[in-house]
Q: 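First the structure, then my questions, so here it is.
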Amino acid sequence: MISSLQVHGVGGIKDAGLDFTGSFIVITGESGSGKSSLVRALEFISGKRAQVNYIHASEEYSEVNMNYEPKNVSAYEGIVPLNPASNELNVLRRFKKDGRGTLSLSGTNLTVNKLSELMEQEIVIQSQYAQLSLLEPLRQLELVDSCGGSELARVKGELAGIFEQALKTETALVELKNSRKERAERFSDAEKDVALINSLKLTADSENKLEADLKELDEQSAKLKTLYALYGKIAGNENGACILDSATEICRGLQELENADSPKREAAEQLLSAAQKLSALFEHDMKLVLDKGSVEEARDETEEKLGQLRRLKRRLKAESCEDILNYALEAQQTVVWLQTSLSELQKLETESAQLRKNLVAKVQALRKMRKAAAEKLQNSVNDCLNELAMGYARFEIEIAELDKVKSNGAESARFMLRLPDQEPMPVSKTASGGELSRILIALQLAAGDDKLPGTLVFDEVEAGLGGKSALLAGYKLKELSRRCRTILITHQATIASMADQHFLVKRDGDDTLIFPVSGAEREKEIARMLSGDENSTEALTHARALLQTETD
């Protein structure tokens, strides 16, 4: 619980120091005196976002220094060294007009988020706006759960664990099914494609090689055609006339016409010899010509392979042979994976089914506990409301079953209020501000000790109450202060008189002053709250009577 608070430069507060010694502490003062500045200081040290416009006009920074005894020491292990001789910790937070700030916990630097998390169990500020939390379904369910004890908390924790595990398992199962479906569809023709890839004996450079081979075969085929035509002109073919026949005929004719030593005859014989020699030289090439069919066959085969390769690239949307080879490897791996992942799929399906079964069991157990806790809470709140002069109303809690299971169960809680001659309606639609204030106080009283913070601050939460209802609310707040330090900012003199420590907030020019009051000073403040005049004899008499009653 908070033991002391030092405030500098927050709102209207230039400097103020508060040492808390009581269990039920009230803070009073006229409207506009600066009580809201103190609330801002408490919010600031609790981890709320800092704002430049909250800094005192004449100061360059705001700073709040708070000493407190932590409610749960174990929550600080590993965060800050603890003094075995004293569990008291210190929080110091400063915020400058340039937007920069510093924060430390007993000398150890701390983030604002971490401070906010730690302060959740140390200090809770309830204002008139806190009544709005009664309208939040999740908050209502949390209040119900707070009355279920450790057993409900245990089952709720187990359900959250099973839910998380079930969600992970279901996610893994869906991902595996989708992956199997996607891969199976992608490689639906893999067996045929891989067979083709293997038959083509592809390498990374196969396309270039096939193109080069086809070009070479085209050139070879064209050369053979030319050779065949030339050979025909030399040695003869189906076209008839050729050089060799012509040379033979010329030689025979000259042999008959010319002498043996005739130059013409000699030249003709040389022509015939050259034709015969050229024909003999072409004989080797003619073997290739005769084998021309095998070249055409090789060309057609190469062209077909290249066509198959290009069609395969288009079908697989591959950029290169390397992509095709990678596809083939992935396809082979996928076939193996589809076989091996089948056992994993069956395992996940079995695990998921078991987790869903366990989840249903925990949901049913938690639902039963919640209904019992809701009944306990509503009975406790109604007992308290009877003592707060609201016996005419009946507080009820509806536990509704949800179709969808969440990490915190499958129920929602709704706070209802039954007024005379009316059907129960949500508290937000039927309760007045004063009734909401009393319901809020009753809920705080009904909460388990583990749900109460070290210090509970009420900011005019009793607004809308007066007379007997204000008096009864004061008694209940005092009762609550026996379980946690309770600080109340109030305008109700009746309630203020019940406190065992009283602070007064006053305005002095532009500055807000805060100081403890007791004795005659406190009597004057109570008198002011009663009549508006701290020197009124009648009000002072009434104030003394109220204070004496509390002392007795």
Side-chain angles (χ1 to χ4, degrees), residues 2-45 51 53-59 61-67 123 125-128 455 457-463 466 470 474 477 485-547 550:
I2 300 174
S3 58
S4 67
L5 191 72
Q6 301 292 323
V7 182
H8 171 82
V10 178
I13 303 174
K14 196 168 186 178
D15 282 294
L18 295 84
D19 291 319
F20 300 113
T21 57
S23 57
F24 185 28
I25 303 162
V26 294
I27 298 171
T28 66
E30 294 182 354
S31 296
S33 60
K35 298 186 294 298
S36 60
S37 295
L38 183 58
V39 174
R40 288 174 185 169
L42 288 166
E43 291 174 339
F44 179 65
I45 203 64
Q51 297 186 41
N53 62 337
Y54 285 176
I55 300 176
H56 192 285
S58 65
E59 300 298 318
Y61 66 92
S62 61
E63 181 179 277
V64 180
N65 192 332
M66 182 177 77
N67 291 318
I123 177 171
I125 302 170
Q126 300 277 24
S127 66
Q128 295 179 52
T455 301
V457 181
F458 289 98
D459 180 16
E460 299 182 12
V461 74
E462 84 296 348
L477 288 169
R485 174 159 281 165
T486 302
I487 300 174
L488 175 66
I489 298 171
T490 182
H491 287 285
Q492 285 288 342
T494 305
I495 298 177
S497 67
M498 298 179 186
D500 49 22
Q501 189 176 13
H502 190 152
F503 287 92
L504 177 60
V505 181
K506 276 193 173 184
R507 196 77 171 177
D508 182 14
D510 292 333
D511 293 336
T512 294
L513 306 178
I514 305 174
F515 50 89
V517 291
S518 60
E521 288 182 331
R522 188 178 184 195
E523 289 175 4
K524 285 185 176 184
E525 173 59 10
I526 298 294
R528 182 199 64 77
M529 296 174 73
L530 287 167
S531 66
D533 182 3
E534 65 178 22
N535 295 314
S536 167
T537 303
E538 185 177 337
L540 283 168
T541 301
H542 190 183
R544 292 189 191 101
L546 286 175
L547 291 169
E550 292 307 317

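Both backbone and side-chain heavy atoms feed into the values below; hydrogens, waters and symmetry mates do not.
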Q: Counting distance only, does the side-chain N/O of S531 pair as donor-acceptor with the main-chain N or O of A539 below 3.5 Å?
A: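 Absent.
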Q: Is there a side-chain contact between I514 and V7 (heavy atoms, below 4.5 Å)?
A: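 No. Closest side-chain heavy atoms not under 4.5 Å.
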Q: Got a second to check how far E30's CD is from K506's NZ, nearest 0.5 Å?
A: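 NZ of K506 is found 8.0 Å from CD of E30.
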Q: Sub-3.5 Å donor-acceptor pair from the side chain of T512 to the main-chain atoms of S33, do we have one?
A: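 Yes: the side chain of T512 pairs with the backbone of S33.
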Q: Go through the side-chain N and O atoms of S3 and N67 and say whether any donor and acceptor fall under 3.5 Å apart.
A: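 No, no side-chain donor-acceptor contact under 3.5 Å.
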Q: If we only count heavy atoms from C-beta on, is the L5 to L42 side-chain gap below 4.5 Å?
A: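 Counting from C-beta outward, L5 and L42 do come under 4.5 Å.
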Q: Do Y61 and I55 come within less than 4.5 Å of each other through their side chains, counting heavy atoms only?
A: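 The answer is no, as the side chains (C-beta and beyond) never meet within the 4.5 Å cut-off.
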Q: Looking at every heavy atom in both S497 and I526, which two are closest together, and how far apart are they?
A: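 Scanning both residues completely, I find the closest heavy atoms to be N-CD1, 4.0 Å.
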Q: Roughly how far, to the nearest 0.5 Å, is CD1 of I25 from OG1 of T455?
A: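 The CD1 atom of I25 is 7.5 Å from OG1 of T455, to the nearest 0.5 Å.
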Q: Check the side chains of D510 and H56 for a donor-acceptor pair under 3.5 angstrom, ignoring hydrogens and angles.
A: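 On atom types as modelled, these side chains do not qualify, holding no pair under 3.5 Å.
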Q: Which value, rounded to the nearest 0.5 Å, describes the distance between I2 atom CD1 and I123 atom CD1?
A: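 Answer rounded to 0.5 Å: 3.5 Å.
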Q: Taking C-beta and beyond as the side chain, do F24 and I495 meet within less than 4.5 Å on heavy atoms?
A: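 Yes - at least one pair of side-chain heavy atoms lies under 4.5 Å apart.
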Q: Under a 4.5 Å cut-off applied to non-hydrogen side-chain atoms, are M529 and T28 in contact?
A: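 The answer is yes, as the side chains (C-beta and beyond) meet within the 4.5 Å cut-off.
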Q: Once rounded to the nearest 0.5 Å, what's the spacing between atom CD of Q126 and atom OG1 of T486?
A: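 So the gap between those two atoms works out to 11.0 Å.
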Q: Could you tell me whether E525 and R528 make a salt bridge, using a distance below 4.0 angstrom between a side-chain N and a carboxylate O?
A: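 R528 and E525: salt-bridged.
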Q: Any side-chain heavy atom of T541 sitting closer than 4.5 Å to one from R544?
A: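 With C-beta onward as the side chain, the pair touches.
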Q: Under a 3.5 Å distance rule, please check whether D500 uses its side chain to pair with a backbone N or O of S23 as donor and acceptor.
A: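 The answer is yes, because a donor-acceptor pair under 3.5 Å joins these two groups.
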Q: Say you draw a straight line from CD of E43 to CG of D459; how long is it, rounded to the nearest 0.5 Å?
A: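 If we round to the nearest 0.5 Å, E43:CD and D459:CG are 8.0 Å apart.
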Q: Measure the spacing between CD of E523 and CG of L530 and express it to the nearest 0.5 Å.
A: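 Nearest 0.5 Å value for the CD-CG distance: 11.5 Å.
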Q: Would you list the atom pairs, donor with acceptor, under 3.5 Å between side chains in residues 8-22 and any protein atom, with sequence neighbours excluded?
A:
from: H8; atom 1: ND1; to: K14; atom 2: O; distance (Å): 3.0
from: H8; atom 1: ND1; to: D15; atom 2: OD1; distance (Å): 2.8
from: H8; atom 1: NE2; to: E59; atom 2: OE1; distance (Å): 3.0
from: T21; atom 1: OG1; to: Q501; atom 2: OE1; distance (Å): 3.4

Q: Would you say the side chain of L477 lies within less than 4.5 Å of the side chain of M498, judging by non-hydrogen atoms?
A: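 A side-chain contact under 4.5 Å is absent here.
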Q: Please confirm whether the backbone N or O of I27 pairs with a side-chain atom of K35, one donor and one acceptor, at under 3.5 Å?
A: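 Side chain of K35 to backbone of I27: no pair is present.
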Q: Would you name the heavy atoms of I45 and V64 that are closest together and state the gap between them?
A: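 In this case the closest contact between I45 and V64 is CD1-O, 3.4 Å.
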Q: For H491 versus S31, what's the shortest heavy-atom pair and its separation?
A: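 Result for this residue pair: CE1-OG, 3.7 Å.
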Q: I need the minimum non-hydrogen distance between E521 and P516, along with the two atoms involved.
A: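 It is OE1-O, 4.3 Å.
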Q: Taking CD in Q51 as the centre, count heavy atoms belonging to other residues, nucleotides or ligands within less than 6.0 Å. Is the count above 12?
A: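 Atom CD in Q51 is packed in, count exceeds 12.
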